[in-house]
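Have a look at the structure below before the remarks.
Note that the structure is a prediction, hence the values are computed from the model and not measured. Only heavy atoms go into these numbers, but all of them, side chains included; no hydrogens, no water, no symmetry mates.
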There are 2 protein chains.
Amino acid sequence: MISKKTKYALKALGYLAEHSVGDPILISELAKEENIPRKFLEAILVALRKGGVLKSKIGKGGGYMLALPPANITIGKVVSILEGGFALVECLNDNVKGVCEECGDPACCGIRLVMSDVKKAIDSVLESTTLADMVEKSDTARQQKSKIMDFSI
Amino acid sequence: MISKKTKYALKALGYLAEHSVGDPILISELAKEENIPRKFLEAILVALRKGGVLKSKIGKGGGYMLALPPANITIGKVVSILEGGFALVECLNDNVKGVCEECGDPACCGIRLVMSDVKKAIDSVLESTTLADMVEKSDTARQQKSKIMDFSI
DNA sequence: ACATAATCCTACCTATCCTATAGAGATAGG
DNA sequence: CCTATCTCTATAGGATAGGTAGGATTATGT
């Protein structure tokens, strides 16, 4: 299960991708528009900045901007920043904190082998989907829906 | 990240798949051989029994057996029993506890749409991999390794 | 230089879940 | 009836997620 942190991050990034016209957007605007607790969002944005996805401008007239075009920000990157990778078992994590004590021999642990397949499947989706894709999916779905609404009237 | 519960479950099931010759195996044997806290394992086995993966025999000479052949037990089933499904967002969970408050309109929520793709990818692996596969993977890896060892001597 | 608007940083709190344990109860075999 | 088992309920400690507070720092405009 992805955490609220990650969900909030994706919502905030989605907003930035749709509303950014070059100048920075305020934390408070993001928090209000996307319904995210202000202070909590602050911490999330800092993480995203340190992860290279956002850049900020301090002081009056400051705020946050995307550091890259939406098409160059993968969902995998965002998840990885907020969740510290998305491994299903410790021993498959990117930032390896050591082998999990359960599988005596990592190379032969059945669980590890299976979860490695799962991780590959997850990563292939996460790495191939970008922020731009996410926004587009959402827009398309909304348009589809309003079409259907029109027909039904 | 899968919980220790699930890891222990898979280890115990793996042991049962490999050592079962029809008669029940003791909790204490499973706990000892697979290095799992006895009482904790007890709870896990009960869950697996209620989930239809194991059956038990009470009283003297009792113990646990697989309720199905290993090739008919998917890893997905086990994960689903122990973790209550493996959705990445609440609103995609099997046992829907309601829509997540974040995505106003579930049908148009970009996060939901992306995570739905991820879930499909996960499920396709988890549903197509069985306990028998897991045990086999592990065995094959072990054999490969011992071959390499032989060469190197 | 100064007031103001913004992000940045450090620390903290609380509830929930994960892991684990204890002990009495129920059931079957001999 | 005795013993070996699983079964059930309750509980406890620790970690993590989610959220909050307040002040420090930095930039802008006048």
Open item on the list: Which is more 5' along DNA chain D, the nucleotide nearest B/R38 or the one nearest A/K5? Just name the residue.
Closed with: B/R38

- [ ] Establish, with yes or no, whether the OP1 or OP2 oxygen of C/dA20 is under 4.0 angstrom from a side-chain nitrogen or oxygen of B/Y8.
- [x] yes

Task: Hphob cluster co-occupancy, A/I27 + A/Y15, side-chain heavy atoms under 4.5 angstrom - done: yes

Task: Gap between atoms CD and P, on A/E29 and C/dA6 respectively (whole Å) - done: 11 Å

Task: 4.5 Å side-chain heavy-atom contact, B/L10 and A/M115 - done: yes

- [ ] To the nearest Å, give me how far apart NZ (B/K57) and C1' (C/dT27) are.
- [x] 11 Å

TODO: For A/D23 and C/dA5, give me the distance from atom CG to atom P, rounded to whole Å.
DONE: 18 Å

- [ ] Check step by step if side-chain hydrogen bond (donor to acceptor under 3.5 Å, both in side chains) holds for B/R142 and B/S146.
- [x] CA-CA 6 Å; B/R142 238 189 307 273; B/S146 71; over 6 Å; no

Task: Any N/O donor-acceptor pair, A/E42 side-chain to C/dC8 base, under 3.5 Å - done: yes

TODO: Indicate yes or no for a side-chain donor-acceptor contact from B/T129 to the backbone of B/V125 under 3.5 Å, with no hydrogens or angles considered.
DONE: yes

TODO: Look at the side chain of A/V46 and decide which nucleotide, out of C/dC9, D/dC8, D/dG29, has an atom nearest to it.
DONE: C/dC9

Task: Nearest-nucleotide pick for B/S56, side chain only, options being D/dG19, C/dG29, D/dT7 - done: D/dT7

- [ ] Remember a base hit wins even if backbone is also touched, and classify A/L45 as base, sugar-phosphate or nothing at under 4.0 Å, heavy atoms.
- [x] nothing

Task: Integer-rounded Å distance: C/dA20 P and B/K7 NZ - done: 11 Å

Open item on the list: Tell me whether the side-chain N/O atoms of B/R49 come closer than 4.0 Å to OP1 or OP2 in D/dT7.
Closed with: yes

Task: Distance, rounded to the nearest Å, where A/I58 contributes CD1 and D/dT25 contributes P - done: 12 Å

Task: Heavy-atom donor-acceptor pair, B/K39 side-chain to C/dG23 base, under 3.5 Å - done: yes

- [ ] Please state how far atom NZ in B/K4 lies from atom P in D/dG13, giving the value in whole angstrom units.
- [x] 19 Å

TODO: Give the rounded distance in Å between these two atoms: OH of A/Y64 and C1' of D/dT26.
DONE: 13 Å

Task: d(CZ, A/F40; C1', C/dA15) in whole Å - done: 14 Å

